Amino acid sequence: MKVTWIGHSCFKIDKDGYTIVFDPYEDDSVPGLAPVREKADEALCSHDHFDHGAVEVLELTNKGDSPFTVTTIDTYHDDTNGSERGPNRIHILDDGETKVIHLGDLGCELEPDQLNMIRGADVVMIPVGGFYTIDAAQAADLVKEIRPRIVIPMHYRDDLMGFGFDVIGTVEDFMDQVEDATILPESSIDSTDDLPTQVIVLRPQNAG
């Protein structure tokens with residue numbers, strides 16, 4: 001299974017010729033990121049905001065049966081039961097060997113039964129920028145609670161590369177909160193790779 005960070009909260013998952021794209025963003029909606037131009041068999045969106053639910057930018061091919069089972073967890077985009085920003089949906093992909101979790105724009109604490117559903121996952125994509133989502137400290141606490149094998153931070157800004165919303169924090173804020181983090185120059189990892197650290201910071205495919 002190959003995991004590619006397109007940018008912001010948009011990821012592409014490839015397995016046996018089947019492609020799923022998470023949270024595609026509208027053209028020119030995320031500062032510093034090129035438009036999403038991906039072919040996919042399926043799109044999964046955490047919510048319908050312009051920077052997460054732009055399914056129309058994808059070329060959906062629907063080649064065949066998915067190798068994944070998909071489980072969802074309904075949560076909130078804020079810590080006031082959705083009264084500020086509405087709902088958020090967590091997606092869990094499982095191919096029988098690897099469990100991949102996309103937390104979307106999680107903005108609230110998870111209930112014990114929800115934590116149990118994502119605990120011990122192989123790969124977790126987690127927002128760390130704050131303001132619209134949980135912040136760096138909350139994300140680090142959640143990582144300690146669920147203890148995934150690989151953590152990929154998302155939904156943050158990078159001042160050096162020039163992408164992301166001004167109001168959200170940097171990935172360094174998150175890295176300061178965790179013990180092991182590695183910055184890779186690539187946009188993709190293979191979930192079968194022998195990666196030595198827990199937190200993997202990828203380079204967005206669509207960054208300049």
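Every value quoted in this text rests on a predicted model; they were computed, and no experiment measured them.
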A.B. asks: Hey, is Lys99 close enough to Asp94 for a salt bridge, meaning N to O under 4.0 Å?
C.D. replies: no
A.B. asks: So does Asp190 pair up with Lys2, basic N to acidic O under 4.0 Å?
C.D. replies: no
A.B. asks: Between Val199 and Pro153, is any pair of side-chain heavy atoms under 4.5 Å apart?
C.D. replies: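 A side-chain contact exists here, since the closest heavy-atom pair is under 4.5 Å.
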A.B. asks: Could you go step by step and tell me if Ser9 and Asp105 meet the side chain to side chain contact (heavy atoms under 4.5 Å, CB included) rule?
C.D. replies: CA-CA 8 Å; Ser9 294; Asp105 265 9; 4.0 Å; yes
A.B. asks: Do Glu145 and Arg119 sit within salt-bridge range, that is, some charged N less than 4.0 Å from a carboxylate O?
C.D. replies: yes
A.B. asks: If I take atom CZ from residue Phe68 and atom CD1 from residue Ile20, how far apart are they, to the nearest 0.5 angstrom?
C.D. replies: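 CD1 of Ile20 is found 5.0 Å from CZ of Phe68.
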A.B. asks: Take atom CG in Asp166; do more than 12 heavy atoms of anything else shown fall under 6.0 Å from it?
C.D. replies: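 Incorrect, the count does not exceed 12.
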A.B. asks: What's the separation between atom CD1 in Ile118 and atom CD1 in Ile73, rounded to the nearest 0.5 Å?
C.D. replies: 6.0 Å
A.B. asks: If you define the side chain from C-beta out and look only at heavy atoms, does anything of Val167 sit under 4.5 Å from Phe131?
C.D. replies: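 The answer is yes, as the side chains (C-beta and beyond) meet within the 4.5 Å cut-off.
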A.B. asks: Find out whether Val124 and Ile150 are in side-chain contact, i.e. whether some heavy atom of one side chain is under 4.5 Å from a heavy atom of the other.
C.D. replies: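 Counting from C-beta outward, Val124 and Ile150 never come under 4.5 Å.
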A.B. asks: Return the CD1 to CD distance between Ile134 and Glu109, rounded to the nearest 0.5 Å.
C.D. replies: 10.0 Å
A.B. asks: Are Arg89 and Asp48 close enough for a salt bridge, meaning some N to O gap below 4.0 Å?
C.D. replies: no
A.B. asks: From Ile13 CD1 over to Tyr18 OH, what is the distance, rounded to the nearest 0.5 angstrom?
C.D. replies: 12.5 Å
A.B. asks: Any luck finding a side-chain donor-acceptor pair between Asp23 and Ser46 under 3.5 Å?
C.D. replies: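 Ser46 and Asp23 do have a side-chain donor-acceptor pair below 3.5 Å.
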A.B. asks: Is the Trp5 ring parallel, tilted or perpendicular to the Tyr156 ring (thresholds 30°, 60°)?
C.D. replies: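 Ring orientation of Trp5 relative to Tyr156: tilted.
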A.B. asks: What pair of heavy atoms forms the shortest contact from Pro127 to Leu106, and how long is it?
C.D. replies: CG-N, 4.0 Å
A.B. asks: Distance alone, cut at 3.5 Å: any donor-acceptor contact between the side chains of Ser188 and Glu186?
C.D. replies: no
A.B. asks: Taking the side chain as every heavy atom from C-beta outward, state whether Met161 and Arg203 have any pair of such atoms under 4.5 Å apart.
C.D. replies: yes
A.B. asks: Should Asn88 and Thr75 be marked as a side chain to side chain donor-acceptor pair (under 3.5 Å) after you check the CA-CA gap, both sets of side-chain angles, and the distance that decides it?
C.D. replies: CA-CA 5 Å; Asn88 174 71; Thr75 61; 3.0 Å; yes
A.B. asks: Side-chain donor-acceptor pair under 3.5 Å between Thr19 and Asp14, yes or no?
C.D. replies: yes
A.B. asks: Quick check: closest heavy atoms across Ile189 and Ile152, and the distance to 0.1 Å?
C.D. replies: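 Nearest pair, atom of Ile189 first, then Ile152: CD1-CD1, 4.0 Å.
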A.B. asks: Mark yes or no for whether Gln138, through its side chain, and Asp135, through its backbone, hold a donor-acceptor pair below 3.5 Å.
C.D. replies: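 Yes, because the side chain of Gln138 sits within donor-acceptor range (under 3.5 Å) of the backbone of Asp135.
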A.B. asks: Contact between His52 and His155 at the side-chain level, heavy atoms closer than 4.5 Å - yes or no?
C.D. replies: yes
A.B. asks: Report yes or no: do Ile126 and Tyr76 belong to one cluster of Ile/Leu/Val/Met/Phe/Trp/Tyr joined by side chain heavy-atom distances under 4.5 Å?
C.D. replies: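 Hydrophobic grouping puts Ile126 apart from Tyr76.
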A.B. asks: Should Tyr25 and Val171 be counted in the same cluster of Ile, Leu, Val, Met, Phe, Trp and Tyr side chains packed under 4.5 Å apart?
C.D. replies: yes
A.B. asks: Would a 4.5 Å heavy-atom cut-off, applied to side chains only, mark Val70 and Ile92 as touching?
C.D. replies: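 Heavy-atom side-chain distance check fails, nothing below 4.5 Å.
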A.B. asks: Going through the checks in order, is the side chain to side chain contact (heavy atoms under 4.5 Å, CB included) test met by Gln198 and Val178?
C.D. replies: CA-CA 9 Å; Gln198 187 180 42; Val178 295; over 6 Å; no
A.B. asks: Please walk me through it: do His102 and His91 pass ring pair (Phe, Tyr, Trp, His ring centres under 6.0 Å)?
C.D. replies: CA-CA 5 Å; His102 188 282; His91 289 94; 7.3 Å; no
A.B. asks: For the residue pair Met175 and Ala181, what are the closest heavy atoms and their distance?
C.D. replies: CE-CB, 4.0 Å
A.B. asks: Among Asp158, Asn206, Val30, exactly one meets side-chain contact (heavy atoms from CB on, under 4.5 Å) together with Phe163. Which residue is that?
C.D. replies: Asp158
A.B. asks: What pair of heavy atoms forms the shortest contact from Ala40 to Val21, and how long is it?
C.D. replies: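 Smallest heavy-atom distance, with atoms named: CB-CG2, 3.7 Å.
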A.B. asks: With a 4.0 Å cut-off on N to O distance, would you call Glu38 and Lys12 a salt bridge?
C.D. replies: yes
A.B. asks: Output the distance between atom OG1 (Thr71) and atom CD1 (Ile90), rounded to the nearest 0.5 Å.
C.D. replies: 11.5 Å
A.B. asks: Before you tell me yes or no, could you show the steps for Leu142 and Leu103 under side chain to side chain contact (heavy atoms under 4.5 Å, CB included), namely the whole-Å CA-CA distance, both residues' side-chain angles and the distance that decides it to 0.1 Å?
C.D. replies: CA-CA 11 Å; Leu142 182 55; Leu103 292 175; 3.9 Å; yes
A.B. asks: Looking at CZ of Phe22 and SG of Cys10, how far apart are the two atoms once the value is rounded to the nearest 0.5 Å?
C.D. replies: 10.0 Å
A.B. asks: For Asp113, does the CG atom sit with more than 12 other heavy atoms under 6.0 Å from it, leaving out its own atoms?
C.D. replies: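 Yes - once you tally the heavy atoms of other residues, nucleotides and ligands closer than 6.0 Å, there are more than 12.
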A.B. asks: Under a 4.5 Å cut-off applied to non-hydrogen side-chain atoms, are Glu56 and Glu26 in contact?
C.D. replies: yes
A.B. asks: Are Met1 and Leu184 linked, directly or through other ILVMFWY residues, by side chains that come within less than 4.5 angstrom of each other?
C.D. replies: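 Yes: a chain of side-chain contacts under 4.5 Å links Met1 to Leu184.
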A.B. asks: Are Lys39 and Leu60 close enough that some pair of their side-chain heavy atoms sits under 4.5 Å apart?
C.D. replies: no
A.B. asks: Which atom names give the shortest non-hydrogen contact between Gly7 and Pro204, and what distance separates them?
C.D. replies: CA-CB, 3.9 Å
A.B. asks: Could you tell me whether Asp122 and Arg149 have a side-chain N and a carboxylate O separated by less than 4.0 Å?
C.D. replies: yes
A.B. asks: So that I know where these two stand, are Tyr132 and His49 an aromatic pair - ring centroids less than 6.0 Å apart?
C.D. replies: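 No, they do not, as the ring centres are separated by 6.0 Å or more.
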